[in-house]
There are 2 protein chains.
Amino acid sequence: MLKLSKKADYGLIAVRHLAMRHLAGACSAKEIARTYAIPTELLAKILQKLVKKGLLVSQQGAEGGYALARDPATVTAFEVIKAIDGPLLITSCVTAHGDCSQAPTCTVKEPLGKVNEIIVKALNSVTISSLGDEGAEPPPSTSGLIQIGGAPQ
Amino acid sequence: MLKLSKKADYGLIAVRHLAMRHLAGACSAKEIARTYAIPTELLAKILQKLVKKGLLVSQQGAEGGYALARDPATVTAFEVIKAIDGPLLITSCVTAHGDCSQAPTCTVKEPLGKVNEIIVKALNSVTISSLGDEGAEPPPSTSGLIQIGGAPQ
DNA sequence: CCAAATCCGACCTTTTTGGTCGGAATTAGA
DNA sequence: TCTAATTCCGACCAAAAAGGTCGGATTTGG
Ligand code: FES
Ligand code: FES
């Protein structure tokens, strides 16, 4: 259905949270989970994935926790999503075994590939620090409301 | 995982096929299915969905089949996808009951909403007739510059 | 030593997706 | 009129993915 996974969403939220207190110490998974009402163990697993990909660093032991590995301005939403959900491929032909029976006759994967590129570019233009702005200052006037979903019927 | 469903892919292929023989007669689901090695009944159900949404017209009885309801140049990939998979919403918060527990504290759905708009625009810039010719004809408008993060304020 | 925390992998449940089946209604043509 | 071809429609099923949980090992600061 072309939607982001909840894990990726959680990861984005957590990374943004870490970015805001980047210069402070590390932050435990439990604390982040409680702040945003995310299942603790699930968030922990997501964060561990991000550690493995090198986006975060973890400090074990008491008073430990997670922290950003790089500057928030250099980390993009696409990196976080890719680390959690795997490579972003809009075309559904890419199963694990790569055996799309339609591949020889499929006529839409090429134009769709271009769309894929556009999405990646869009996601890459969103840095973690730019996510920070949104929440730090509560928007007093909701003038720029985003409306995309059309009336279905 | 942010990927298109196979049904949507099948639908795109079928619609494109119909577009190529737009001026010829109708085309049976079985014929299309065989051409592209798609399960017949599954394709039929997809086509029926498109009929219900008004993108296709169907002719019952012997020698019947499906045909495009409108000019191929006026139908976009986004319409086909939306008809099959429902409204395109990248944020995972939008379940059927709309009960995202993170909604009050979520800090990423707004910037992600902008990304969503970009995707919709990209999908809307791909018409069915442009799928028809594989001649690498890049859509001249709407796809040149992508800028989302830089809301200057 | 002990408590707090990450780490890690296995496991389960729910939801979504892809695919199938059988039969009713409709239509063109013999 | 009769029949074959075809759309139509809803229910059903199986596989996969997503979301979430658990228990234990390991590390670290006090
Ligand atoms: S369906 Fe796999 S190539 Fe398009
Ligand atoms: S997770 Fe639902 S609002 Fe972001």
Side-chain angles (χ1 to χ4, degrees), chain A residues 1-11 13-14 18 25-34 36-53 56-67 69 81 84-86 89 92-97 99-102, chain B residues 1-11 13-14 18 25-34 36-53 56-67 69 81 84-86 89 92-97 99-102:
Chain A
M1 213 245 275
L2 197 54
K3 75 181 204 318
L4 221 52
S5 74
K6 222 161 199 176
K7 289 181 192 176
D9 203 351
Y10 291 161
I13 293 174
L18 256 14
C27 198
S28 81
K30 196 188 289 181
E31 179 188 331
I32 301 177
R34 258 203 296 256
Y36 299 99
I38 300 173
T40 307
E41 287 83 13
L42 180 56
L43 179 63
K45 216 162 44 168
I46 294 169
L47 293 177
Q48 286 155 24
K49 229 178 215 172
L50 292 176
V51 168
K52 207 173 297 180
K53 299 286 180 174
L56 300 182
V57 290
S58 66
Q59 173 65 23
Q60 242 181 189
E63 292 295 312
Y66 296 87
I81 293 170
I84 296 171
D85 274 346
L89 292 164
S92 51
C93 336
V94 278
T95 65
H97 14 294
D99 62 339
C100 181
S101 51
Q102 281 83 27
Chain B
M1 213 245 276
L2 197 53
K3 76 181 205 317
L4 222 51
S5 74
K6 221 159 199 177
K7 289 181 193 177
D9 202 352
Y10 291 161
I13 293 173
L18 256 13
C27 198
S28 82
K30 195 186 292 182
E31 179 188 332
I32 301 178
R34 259 202 296 254
Y36 299 98
I38 300 172
T40 308
E41 287 82 13
L42 180 57
L43 178 64
K45 215 162 43 169
I46 293 169
L47 294 177
Q48 285 154 25
K49 229 177 214 172
L50 292 176
V51 169
K52 207 174 294 179
K53 299 286 180 174
L56 300 183
V57 290
S58 67
Q59 173 66 23
Q60 242 180 193
E63 291 296 310
Y66 296 89
I81 293 170
I84 296 171
D85 275 345
L89 292 165
S92 49
C93 338
V94 279
T95 64
H97 14 293
D99 61 340
C100 181
S101 50
Q102 282 83 25

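Because the structure is predicted, anything quoted here is derived from the model rather than measured. Chain A is the first sequence line, chain B the second, and so forth, proteins listed ahead of strands; every chain is numbered from 1.
Among residues two or more places apart in sequence or in another chain, the side-chain contact (heavy atoms from CB on, under 4.5 Å) test is passed with B/K45 by B/Q48. B/S28 pairs by the side chain to side chain donor-acceptor pair (under 3.5 Å) definition with nothing, not counting sequence neighbours. Scored by the side-chain contact (heavy atoms from CB on, under 4.5 Å) test, A/A29 finds A/A44, A/L47, A/Y66 as partners (sequence neighbours excluded). For B/K7, the side-chain contact (heavy atoms from CB on, under 4.5 Å) partners two or more places apart in sequence, or in a different chain, are B/S5, B/L42, B/I46, B/I84. Partners of B/E41 under the salt bridge (charged side-chain N to carboxylate O under 4.0 Å, His left out) rule, at least two apart in sequence or in another chain, do not exist in this structure.
Sequence order on DNA chain C of the closest nucleotides to A/K52 and A/E63 puts A/E63 first from the 5' end.
Residue-level contact check: B/A44 touches neither bases nor backbone, having no heavy atom under 4.0 Å from any strand.
Note: CD1 (A/I46) to C1' (D/dT21) measures 13 Å, nearest angstrom. C/dA4 atom C1' lies 8 Å from atom NZ of A/K30, rounded to whole Å. Counting to the nearest Å, the P atom of C/dG9 and the CD atom of A/Q48 are 9 Å from each other. Summarising the geometry, the separation between CD on A/Q59 and P on D/dT28 is reported as 7 Å, rounded to the nearest angstrom. Spacing between atom CG of B/L50 and atom P of D/dT7 amounts to 14 Å, rounded to whole angstrom units. When rounded to the nearest whole Å, the span between OH of A/Y66 and P of C/dA4 equals 17 Å. B/E31 has its CD atom 9 Å from the P atom of D/dT6, to the nearest Å.
Closest heavy-atom contact between A/Y10 and A/L43: O-CD1, 4.4 Å.
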Which nucleotides of nucleotides 13-26 of chain C have their base under 4.0 Å from a protein heavy atom (B), which only their sugar-phosphate (S), and which neither (-), written as one string 5' to 3'?
----SBBB-----B
